[in-house]
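Numbering starts at 1 and runs along the sequence shown.
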Amino acid sequence: AAAALLALAIPAAAQGAAAAASVRVSQIAPGYHLLSLPDANLVVWAGEGTAMVVGVQSPALVERARELLRTLGNPKVEYVLMLEDDRAPGYGDGGWGKDGAVTMAHEILFTRMARFARGQDTTDAAAARRRNPLPRMGFSQVVQVYPKGEDVHLIHERAGYTNADVIIHYENAGLLQLGHTFTMDGYPRIEVGKGGALAGIIQTADFFLNNFRNPAALEPIVPGRGPVATVADLRAYRDMLVAVRDRVKPLVEAGKTEAEVVATRPTAEFDARWGRGPVKPEQFAAMVYQSLAKK
């Protein structure tokens, strides 16, 4: 925690310049690039003279996004969407607002950003806002934006990773961005203290698996962490979550403690595939327990 707070105290530009070189960049569809760090993803879409940036606005990802946009002819960034992340409140709007972009966040994340800014300097709120500029726009449920050449739906999903989860569907490209409600590099986090719930993650996966029969309407799927995925990957992820839930739920109902549930290793069957990411099997089992026990 101390290290995270120290990192947030370092000016964003300094952090970005130091770490941008470690960002992986790949083109995932015509006009679409995925920028990745081990703990977060960001999508840059560039059309005819216009652009949109969606994801975790960490300094390294933002710096690399700006470099990429320069190589693409400096299209005007019209819209920027901040997605939830443990450190997202400290990132503010990533500096995009001062360049004229409409910067957006779900209202719950916006509130967390505002609280962080106030906590940084309670005696000078204006200075705090300058250091961590807040998004210019918040929303509750659904927003549609229409940059030239694309139709983008921003949807507040069921609480999964947290209660500020947002999914993004790029209609014309048939590309889906699920944020931290879907991870490809290992088990997801469930931030129960921020309203997250295992049930919401499963319901979100079920919605897309049951209502979009044509994979071309969703693929590639951009997760919160890890490489782009397919509908088959999303199904395997959903099946893993359901299996772990079905093993933990009766133990919770029987009154077992968190330690007792974790000791049964309910994820053992899946650890070879999902247990090598930043969330270890015992951590995920504990999060599943906490989510089901809270319900």
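Scanning both residues, A88 and L83, for their nearest heavy atoms gives CB-O, 3.7 Å. D185 and G226 make their closest contact through CB-CA, 4.1 Å (heavy atoms, listed as atom of the first residue, atom of the second, distance).
Counting heavy-atom neighbours within 6.0 Å of E48 CD, excluding the residue itself, gives a total of 12 or less.
Here the side chain of D165 pairs no donor or acceptor atom with the backbone of G179 at under 3.5 angstrom. Put simply, the side chain of D93 never gets that close to the backbone of R136: no donor and acceptor are under 3.5 Å apart. Looking at T50, its side chain never comes within 3.5 Å of a backbone N or O of G47 through a donor-acceptor pair. Checking side-chain atoms of H169 against main-chain N and O of E171 turns up no donor-acceptor pair under 3.5 Å. A donor-acceptor contact shorter than 3.5 Å is absent between the side chain of D99 and the backbone of A101. The main-chain N or O of G200 is found under 3.5 Å from a side-chain atom of T204 such that the two form a donor-acceptor pair. In this structure, R247 contributes its side chain and P266 its backbone to a donor-acceptor pair below 3.5 Å. A donor-acceptor contact shorter than 3.5 Å links the side chain of T264 to the backbone of V261. Between the side chain of Y289 and the main chain of K256, a donor-acceptor pair closer than 3.5 Å is present. In this structure a side-chain-to-backbone donor-acceptor pair under 3.5 Å is present from D233 to T230.
In this structure, E219 CD and L234 CG are separated by 9.5 Å, a value rounded to the nearest 0.5 Å.
Y32 and E150 form a side-chain donor-acceptor contact under 3.5 Å, judged by distance and modelled atom types alone. Between T162 and E191, the side chains place no donor N or O within less than 3.5 Å of an acceptor N or O (distance only, hydrogens not considered). There is no side-chain donor-acceptor pair under 3.5 Å between Y170 and D151.
Annotation: side chain to side chain contact (heavy atoms under 4.5 Å, CB included) contacts of Q283 (sequence neighbours excluded): V279, K280.
For W274 and F284, the ring centers sit 6.0 Å or farther from each other. The six-membered or imidazole ring of H156 lies away from that of F139, with a centre-to-centre distance of 6.0 Å or more.
Note: the hydrophobic cluster containing Y146 does not contain M52 (ILVMFWY, side chain heavy atoms under 4.5 Å, direct or indirect links). Under the 4.5 Å side-chain heavy-atom criterion for ILVMFWY residues, no single connected hydrophobic cluster contains both L34 and L68.
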Salt bridge (charged side-chain N to carboxylate O under 4.0 Å, His left out) assessment of R64 paired with E67: CA-CA 5 Å; R64 191 66 183 88; E67 292 176 4; 3.5 Å; yes
